[in-house]
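To start, the structure itself, in structure tokens.
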Amino acid sequence: MRSAITISLVPETKGGPFVFWDGLADGFARAAKLGFDAVEIFPPSAEDLAAREIKKLCTEHNLKIAAIGTGAGWVKHKLRLTDPDATVRRRAQEFIAAIVDFAGSFGAPAILGSMQGRWEGGVSREQAIAWLAEALEQLGPRAHAAGVPFLYEFLNRYETNLFNNVAGSLEFLQTLRTQNVKLLGDLFHMNIEEADIAAALRLAGPKLGHVHFADSNRRAVGLGHTDMKPVMAALREIGYDGYLSAEVLALPDSEAAARQTMASFRSLVAG
Ligand code: LER
Ligand code: MN
């Protein structure tokens, strides 16, 4: 398993669960100094990312891109894959596709989290799920062309009413033709929704594509009450060899959250 840490380039998400906030050069330098393997980037859009600058930073700091998030499509642009308006759904899919392509060129997957939206108002659950499936049937193969999976992140009940746990998400993925959508298990959401996080990870098995490494309270691992021993045992048991990517609050500050994450990563992965 490899370590990663988040950099948000979206001022509108200030106070959200990202560690570094002061631009790519700053985030890369600080991640490298603490010994992380990779960074996960949360950009305003694909167009706001400069491939050359990122290539240079990856080389200079010997860091990989773990994944790129699409959440700004919702937070900043109010785009959701399950919006009742067909134009909004189409723009949402294009927004994500551009990030899939950009991330793919770095050998990294894109993440669908909050842009999945929710079913509500005149949109039935069946309809919302059908729209989500339709989008994933495009995005999965698109990511496959770059040799990476597309990551579907189930969220806790306060953030979506589509899928909140591994069991429901897996059942949904099994209805898709594409086999290239993998699950992102965010340990914060899982702490809220799963009866047993370790059992849920075992159930996900080879379908687990990425992990958001966060404690019960969205702080760095070690600063909440999630029992990480069984979680790590489950990840080892399923042969998970992806990233543990810190999507956590910058508390008490970015540097301390990053250091705490690295200390936890080292003791849990080596232990
Ligand atoms: C996205 O990765 C996520 O976990 C959301 O809870 C952030 O709003
Ligand atoms: Mn997450």
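As the structure lists them, so they are numbered: ligands from 1, and atoms in each ligand from 1. All heavy atoms count here, side chains included; hydrogens, waters and symmetry mates do not.
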Table of N or O contacts for ligand 1, cutoff 3.5 Å:
residue  : atom  : partner : partner atom : Å
ligand 1 : 2 (O) : Glu153  : OE1          : 2.7
ligand 1 : 2 (O) : Glu153  : OE2          : 3.1
ligand 1 : 2 (O) : His212  : ND1          : 3.4
ligand 1 : 2 (O) : Glu247  : OE1          : 3.0
ligand 1 : 2 (O) : Glu247  : OE2          : 2.6
ligand 1 : 4 (O) : Glu153  : OE2          : 2.9
ligand 1 : 4 (O) : Asp186  : OD2          : 3.0
ligand 1 : 4 (O) : His189  : NE2          : 2.8
ligand 1 : 4 (O) : Arg218  : NH2          : 2.9
ligand 1 : 4 (O) : Glu247  : OE1          : 2.9
ligand 1 : 6 (O) : Glu159  : OE1          : 2.7
ligand 1 : 6 (O) : Glu159  : OE2          : 3.3
ligand 1 : 6 (O) : His189  : NE2          : 3.0
ligand 1 : 6 (O) : Arg218  : NH2          : 3.3
ligand 1 : 8 (O) : Glu159  : OE1          : 3.3

- request: Using only N, O or S atoms, tell me which atom of Glu247 is closest to the Mn ion (ligand 2).
  value: OE1

query: Can you list the steps and then say if His77 with Phe95 is a ring pair (Phe, Tyr, Trp, His ring centres under 6.0 Å)?
result: CA-CA 10 Å; His77 311 285; Phe95 181 93; 5.3 Å; yes

message: Is a donor from one side chain sitting under 3.5 angstrom from an acceptor on the other, for Gln179 and His144?
response: no

query: Any side-chain donor-acceptor pair under 3.5 Å between Ser264 and Gln260?
result: yes

message: Just so I know, are the side chains of Val100 and Phe150 near enough to count as touching, which here means a heavy-atom distance under 4.5 Å?
response: yes

field: Name, closest N/O/S atom of Asp186 to the Mn ion (ligand 2)
entry: OD2

task: Tell me, yes or no, whether the heavy-atom count around Arg125 atom CZ, taken from other residues, nucleotides or ligands under 6.0 Å, exceeds 12.
output: yes

field: Arg118, CZ atom: more than 12 neighbouring heavy atoms under 6.0 Å
entry: yes

message: For Asp26, is there an ion pair with Arg30 - N to carboxylate O distance below 4.0 angstrom?
response: yes

message: Can you see whether Tyr152 has Lys182 sitting over its ring - NZ or CZ less than 6.0 Å from the centre and within 45° of the normal?
response: no

field: Among the N, O or S atoms of His212, the one nearest the Mn ion (ligand 2)
entry: ND1

- request: Return the name of the atom in Glu153, of element N, O or S, nearest to the Mn ion (ligand 2).
  value: OE2

